[in-house]
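Remarks on the structure that follows.
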Amino acid sequence: MRRARNSTRNGPASMTAPKKRTAILISGRGSNMKSLVEAARRPDYPAEIVVVISNRPDAAGIAWAKEQGIPAIAMDHKLYSDRAHFESQLHGILTTSRVDLVCLAGFMRLMTPEFVALWRDRMLNIHPALLPAFKGLDTHARALATGVKFAGCTVHLVRPEMDEGPILGQAAVPVLPGDTEPDLAARVLAAEHQLYPRILELFARGQIAIDGNKTSSPSDVNETWAKFSPQV
Ligand code: GAR
């Protein structure tokens, strides 16, 4: 008997897991958001971007998302009485949009432990350093001043402490002689644009196991990214 078109040994293709409904939170340029949106256009990508939210109304990324036809919402945090008020509105939008996963992509606002708890193990962040080194701001200037030979970026699950949480993936890039801060920032950013979509893909497929602070994936992602060294 011939198998129906698009069917597999395990049943029809229509039985594949639904895409994870994903929100992206930004504060500015939104280049990581673009890389996630572009990756999610692939038919086989396991996440779809259902909403983009910025805490700054002037964020360039919001205009781009709207042009792409993605629901994009500016929530000016200055208009809210406090962090809890802002976050309750934000949580309401995420819930109404039936969001499964939240990706922070240059979202430069600390979250309260209460909000983080609501999205525990469902909220990812990208940081432009090889955590736990260089948490916080000015990562590239500090990396250069310290004289490290490798820099890079980290995608991790969000925990209440800033730039903390189980590490889902990292990409290392070399620090080259004569590098300026913009040189290094551009090299790391190029790595971010490849790492974040790949990690979201693995995570949305349930291919990254979390055990306390440790995570593991059957894929060769770590070996691949350790060698990654884009020319920019
Ligand atoms: C990115 O480099 C991201 O890693 C960083 O902000 C930049 C946003 O750029 N995030 C943090 O520093 C968070 N601690 P983008 O708006 O072009 O994606």
Side-chain angles (χ1 to χ4, degrees), residues 17-37 39-40 45-66 68-127 131 135-137 154-168 192 196-197 199-206 208 210 212-213 215:
K19 288 176 185 257
K20 298 287 184 200
R21 296 176 62 81
T22 302
I24 305 178
L25 271 53
I26 63 170
S27 295
R29 179 177 57 181
S31 68
N32 277 289
M33 171 205 65
K34 284 185 198 172
S35 71
L36 293 173
V37 166
Y45 198 79
E48 60 179 320
I49 310 307
V50 295
V51 64
V52 172
I53 302 170
S54 168
N55 67 314
R56 300 182 69 101
D58 56 348
I62 279 285
W64 185 86
K66 282 186 182 158
Q68 307 301 306
I70 298 167
I73 301 168
M75 289 181 64
D76 186 349
H77 65 267
K78 295 193 196 110
L79 302 179
Y80 294 83
S81 50
D82 56 21
R83 225 171 262 274
H85 184 206
F86 173 80
E87 289 176 353
S88 79
Q89 291 282 112
L90 176 60
H91 184 65
I93 293 171
L94 296 174
T95 311
T96 309
S97 306
R98 292 180 291 115
V99 162
D100 300 307
L101 298 176
V102 176
C103 286
L104 307 184
F107 185 71
M108 306 307 265
R109 197 164 164 76
L110 278 180
M111 309 279 201
T112 63
E114 292 74 22
F115 184 85
V116 173
L118 288 172
W119 291 92
R120 189 181 169 91
D121 292 346
R122 296 188 295 155
M123 184 155 61
L124 286 64
N125 181 44
I126 187 156
H127 182 71
L131 291 173
K135 294 175 181 172
L137 299 174
T154 303
V155 176
H156 64 99
L157 287 169
V158 176
R159 294 291 183 260
E161 303 77 24
M162 186 182 61
D163 299 326
E164 286 250 353
I167 290 172
L168 300 174
E192 293 184 49
Y196 210 175
I199 296 302
L200 176 61
E201 180 177 6
L202 292 171
F203 190 75
R205 286 214 172 96
I208 304 183
I210 305 159
N213 228 11
T215 69

Short question: side chain of Y45, backbone of P197 - any donor-acceptor pair under 3.5 Å? yes
Minimum heavy-atom separation for N32 to S35, with atom names? O-OG, 2.8 Å
Could you measure the distance from the NE2 atom of H77 to the CG atom of L79? Nearest 0.5 Å is fine. 9.0 Å
For M33 and W64, the nearest pair of non-hydrogen atoms, with its separation, is CE-CE3, 3.4 Å
Is any side-chain heavy atom of K135 less than 4.5 Å from a side-chain heavy atom of E164? yes
Work out which heavy atom in A47 is nearest to a heavy atom in L200; give both atom names and the distance. CB-CD2, 4.1 Å
Test side chain to side chain contact (heavy atoms under 4.5 Å, CB included) on L36 and Y196 and set out the steps. CA-CA 7 Å; L36 293 173; Y196 210 175; 3.9 Å; yes
Look at the aromatic rings of F115 and H91 and report parallel, tilted or perpendicular, splitting at 30° and 60°. perpendicular
Apply the test side chain to side chain contact (heavy atoms under 4.5 Å, CB included) to residues L104 and M123: give CA-CA distance (whole Å), side-chain angles for both, the deciding distance (0.1 Å), then the verdict. CA-CA 7 Å; L104 307 184; M123 184 155 61; 4.1 Å; yes
Only one of N125, D121, N213 passes side-chain hydrogen bond (donor to acceptor under 3.5 Å, both in side chains) with R159, and that residue is D121
Of the non-hydrogen atoms in R109 and R83, which two are nearest, and what is the gap between them? CG-NH1, 3.8 Å
Between I49 and A40, which heavy-atom pair has the shortest distance, and what is it? CG1-CB, 3.9 Å
Side chains of R21 and E48, heavy atoms from C-beta outward: is any pair under 4.5 Å? yes
Give me the atom names and distance for the closest heavy-atom approach of I126 to A105. CG2-CA, 4.4 Å
Just verifying a value: how many Å separate I199 CD1 and I167 CD1, rounded to the nearest 0.5 Å? 11.0 Å
Do K20 side-chain atoms and P46 backbone N/O form a donor-acceptor pair below 3.5 Å? no
Calculate, to the nearest 0.5 Å, the distance between atoms CE and CE belonging to M162 and M111 respectively. 14.0 Å
Interatomic distance, CD1@I210 vs CG@L157, rounded to 0.5 Å, equals 4.5 Å
Say you draw a straight line from OG of S81 to CZ of F86; how long is it, rounded to the nearest 0.5 Å? 12.0 Å
What distance separates I70 CD1 from I62 CD1, expressed to the nearest 0.5 Å? 10.0 Å
